[in-house]
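Written out below as structure tokens is the structure these notes cover.
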Amino acid sequence: MAGNSQRRNRRTANKKGATVGSGGKRRRALEGKGPTPPAEMRKGHVKQRVAQARAKQAARRPAPRRGGGKGTNELVVGRNPVVEALREGVPASTLYVQQFIDSDDRVREALKHAADRGGIHLMEAPRPELDRMTNGLNHQGLVLQVPPYEYAHPEDLVAAAADADEDPLIVALDGVTDPRNLGAVVRSVSAFGGHGVVVPERRAAGMTAGAWKTSAGTAARTPVARATNLTRALEAYKKAGLMVVGLAADGETEVQDAEVLQGPVVIVAGSEGKGLSRLVAETCDVLVRIPMPGGAESLNAGVATGVVLYEAVRHRR
């Protein structure tokens, strides 16, 4: 009997008792986690940064500022330069004509353009006076006075975009000293619907007659702002919600893949050869490069800016 009892106890002890259930965890583990959230809601995604920048910019629309100072008077000297400036719509206040000038087709065309445009004073002056005005340059009897350019303030460009209910699209130039490059950039910004150009106050090209001519008249409707310190101006743009995108030959992203261009952005281009200065490059949120299969080392600011503006418009469609 004792032996039978021991065998029964061993059989009972070997039986598996009640176990704790999974509580449905295994079944839930097999269930999907739902649809993938949109890029704007994924932490760290470029599109989320763009969306946050837009919201930030909308919440912090700056009050418009009244101008960024004036340039200086400029003289266009010589018959061909004067005629070309008048033909291209360069602003002018006075056309000086030498007394007893030997008139030719260029002189007659200059006088006609000045009369047709209106608002340009015609002044006759003796040759010694024109020599004095031009510091002895070969003026050929024609001198055109260009009034100081009225620069915008960098914050005005953001305010203009806000008024139009658009994401700001701005170009800043770092170390570009050729006025023709500035004029070409202004023309590209106008062509692609940008809101303006920012240039440093020192060691940079300003809105001269040469820049006006290269802009082909678009400078009349595309504002150029002047910044006392470009790095601080870019920092202010970042605080206003804009992404700062620098152009660099060694940029980590190719321009066609730069999704940040679809939001509020300021594109920074440096001079050909030198590129961006160290402080400006460090201020940029991202550096992008333009692939050049042809092997060219760099593009001038006008061409490079046109390429990136095209990509920005393409990303925004």
Side-chain angles (χ1 to χ4, degrees), residues 46 49-50 53 57 68 151-158 161 167-178 181-190 192-206 211 222-290 298-313 315-316:
V46 170
R49 293 182 65 196
V50 171
Q57 179 235 338
Y151 291 93
H153 189 279
E155 290 181 5
D156 293 339
L157 309 186
V158 180
D167 284 334
L169 179 58
I170 298 167
V171 172
L173 299 180
D174 177 28
V176 175
T177 56
D178 188 341
N181 265 335
L182 172 57
V185 169
V186 170
R187 187 172 183 177
S188 294
V189 170
S190 176
F192 290 105
H195 300 100
V197 180
V198 181
V199 297
E201 188 173 320
R202 298 181 181 86
R203 295 184 293 277
T222 302
V224 176
R226 192 165 60 178
T228 305
N229 183 293
L230 184 59
T231 303
R232 284 203 295 266
L234 295 176
E235 292 284 1
Y237 278 146
K238 292 173 74 169
K239 290 179 181 178
L242 280 70
M243 301 293 288
V244 179
V245 177
L247 306 187
D250 57 350
E252 61 266 27
T253 305
E254 290 194 353
V255 64
Q256 67 270 22
D257 300 324
E259 294 185 354
V260 293
L261 293 174
Q262 65 186 283
V265 67
V266 52
I267 300 163
V268 191
S271 62
E272 187 175 3
K274 293 183 179 180
L276 300 176
S277 63
R278 180 182 60 82
L279 287 177
V280 168
E282 290 174 354
T283 305
C284 295
D285 291 302
V286 62
L287 296 177
V288 302
R289 67 182 185 275
I290 299 173
S298 62
L299 301 172
N300 67 39
V303 175
T305 301
V307 172
V308 182
L309 285 169
Y310 169 79
E311 287 294 336
V313 172
H315 275 85
R316 293 172 180 222

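In this text, all values refer to a predicted model and were calculated from it rather than measured experimentally.
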With a 4.5 Å limit on heavy-atom distance, are the side chains of L287 and L276 in contact? yes

Would you say V176 and V199 make side-chain contact, with heavy atoms under 4.5 Å? no

Report the C-alpha separation of V288 and E311 in whole Å, then their side-chain angles, then the decisive distance to 0.1 Å, and conclude whether the side-chain contact (heavy atoms from CB on, under 4.5 Å) test is met. CA-CA 12 Å; V288 302; E311 287 294 336; over 6 Å; no

Between A233 and A227, what is the shortest heavy-atom contact and its length? CB-CB, 3.9 Å

Validation row: V198, V171 side chains within 4.5 angstrom (heavy atoms): no

Are T253 and E259 side-chain neighbours, meaning at least one heavy-atom pair lies under 4.5 Å? no

Does the side chain of I170 reach to within under 4.5 Å of the side chain of I267, using non-hydrogen atoms? no

For F192, look at atom CZ and say whether over 12 heavy atoms of other residues, nucleotides or ligands are found less than 6.0 Å away. yes

May I have the step-by-step check of side-chain contact (heavy atoms from CB on, under 4.5 Å) for K238 and T283, ending in yes or no? CA-CA 9 Å; K238 292 173 74 169; T283 305; 4.2 Å; yes

Minimum side-chain heavy-atom gap V260-D285 below 4.5 Å: no

Smallest heavy-atom separation, P223 atom then A152 atom, equals CB-CB, 4.3 Å

Is there a side-chain contact between L279 and L230, using heavy atoms and a 4.5 Å cut-off? no

May I ask you to decide if R202's main-chain N or O and R226's side chain share a donor-acceptor pair within less than 3.5 Å? no

side-chain contact (heavy atoms from CB on, under 4.5 Å) between V255 and L247, worked out: CA-CA 9 Å; V255 64; L247 306 187; 5.7 Å; no

Looking at R278 and E282, is there a salt bridge between them, counting it only when a charged N and a carboxylate O are closer than 4.0 Å? yes

Are H315 and V265 packed together at the side-chain level, in the sense that at least one heavy-atom pair is separated by less than 4.5 angstrom? no

